[in-house]
2 protein chains.
Amino acid sequence: MPTPRLPQTAWAVLGLLSFPGERTGYELKKWADSSLRFFYGAPAFSQIYAELRRLEDLGYVTSRRSGPEEPRAKRAYTITEEGRAALATWAAGTHDPGAVSLKHPVLLRVWLGHLAEPERLRELVAEHVTRAEDELRDVRDALAKADGVEAWAHPQIALRWSERRLVAEVELARGMLADLAALGPGQPVEDSPTHG
Amino acid sequence: MPTPRLPQTAWAVLGLLSFPGERTGYELKKWADSSLRFFYGAPAFSQIYAELRRLEDLGYVTSRRSGPEEPRAKRAYTITEEGRAALATWAAGTHDPGAVSLKHPVLLRVWLGHLAEPERLRELVAEHVTRAEDELRDVRDALAKADGVEAWAHPQIALRWSERRLVAEVELARGMLADLAALGPGQPVEDSPTHG
DNA sequence: GCACACATGTAAGCCGTTACATGATTCG
DNA sequence: CGAATCATGTAACGGCTTACATGTGTGC
């Protein structure tokens, strides 16, 4: 059977399981929130559970209900040989990986800046800077935790990329703030253009 | 009637119409491909047409079939006063604009680098650099076309942001390439971990 | 005459989110 | 004992893409 076409998110979830150890869906979500999230977004709980079921149907993962020894009824997943092989095939795939998708609501608003109060616009961008700095702290925390673990060499590279990316995001926003300021402090809001 | 909740894409399409002039769905798509695309992605034709219908139902745009004077049966849209007001309300909205969504397939693969040939991985990133440079050329073309048009001050700022962002994207990818190289040229692919 | 750009749509379907429901365990 | 965290799901829905269908006008 050839490797089936799956959404990237499915490979991402399988990828989370490609690192040593078994994990529950819940743990996978936490993990995604502190790694995947920075460069690919983190799927919702419900989707992770759904993907896990699909991956199990495909034979790419197996699950084990916690026995009587463990408290709580949880289900831990492990990648199978087939899963690892399929993932490797996908990763080596000669097809192009698909376009980067960027949806930046702040830019959307700046782009339509002629409709907003200049002051409000600057506020929006400034808030964005704050959020980016928060994320930067998160990514640095994640990086600190991954530090020194040899098995995580590649995740570390991805995190370092994310760190630099967030630094750039902050710089970019600051540059935009300067551009906005350069429009002139008294840049008026475009009024209803009825009869000029 | 309060401003209804609409997907950002709807506001984006309405936003395209907030600049002077009437436009067909087809033209809107072309426009989106050379502006919106760089920071928000460009919706498919079919979605643009769908949004236009929705906006017309809401009374935010009006449409005009080309009369007998014009060739081709096309439909040109114009924003209404209500549309402009709703868009301004949305733009000024005090609610947070929503999270930046970034989905980076190349990073996903780097993150799972332990499954791939190092050589293949570097190739992937190098291709990404090329694509980013192509996009950079596109954004610079768009910038050149927008140059000097006063009505496009804000779109220009968005494009300048996009330009810098793509420059950063290239730098980021180059940095990652260096990180990958630093792993050592002979970094082996993880083999099936059956019996250690 | 044929290909290509213009121009508009329909239909199907997956992806992914939000909201909701449920219950166990731990900690103060 | 109540709140928070752990843990797993279902249901509904919306967004968006892909593939398909159709027809006109332009240029080689």
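Quick caveat, the model's predicted, so the values are computed rather than measured. Per chain, numbering begins at 1; letters A, B, ... match sequence-line order.
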From [atom1] of [X] over to [atom2] of [N], roughly how many Å is that when rounded to an integer?
X     : N      : atom1 : atom2 : answer
B:L6  : D:dC16 : CG    : P     : 11 Å
B:E51 : D:dT17 : CD    : P     : 10 Å
A:Q8  : D:dC16 : CD    : C1'   : 16 Å
B:Y26 : C:dT8  : OH    : P     : 9 Å
A:Q47 : D:dG15 : CD    : P     : 17 Å
A:R53 : D:dT8  : CZ    : P     : 11 Å
B:K74 : C:dG9  : NZ    : P     : 14 Å
B:Y77 : C:dG9  : OH    : C1'   : 10 Å

query: Where is the tightest heavy-atom contact between A:K29 and A:A44, given as atom of each residue plus distance?
result: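 Distance-wise, the nearest heavy atoms are NZ-CA, 4.3 Å.
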Over all strands shown, is [X] touching base, sugar-phosphate only, or nothing at heavy-atom distances under 4.0 angstrom?
X      : result
A:R54  : sugar-phosphate
B:T9   : sugar-phosphate
A:K103 : sugar-phosphate

task: State whether A:Y49 places a side-chain N or O below 4.0 Å from either non-bridging phosphate oxygen (OP1 or OP2) of D:dT8.
output: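 So the side chain of A:Y49 is within the cut-off, an N or O lying under 4.0 Å from OP1 or OP2 of D:dT8.
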task: Examine D:dC16: is either OP1 or OP2 under 4.0 Å from a nitrogen or oxygen in the side chain of B:S46? Give yes or no.
output: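 Checking B:S46 against D:dC16: no side-chain N or O falls below 4.0 Å of OP1 or OP2.
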- prompt: Going by the angle between their ring planes, with limits at 30° and 60°, are A:W111 and B:W31 parallel, tilted or perpendicular?
  reply: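 Tilted, since the angle between the ring planes falls between 30° and 60°.
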query: Relative to each other, are the rings of A:W161 and B:H104 parallel, tilted or perpendicular (30° and 60° limits)?
result: perpendicular
- request: Measure the shortest side-chain to side-chain distance between A:P105 and B:Q8 over non-hydrogen atoms and say whether it is less than 4.5 angstrom.
  value: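 They are in side-chain contact.
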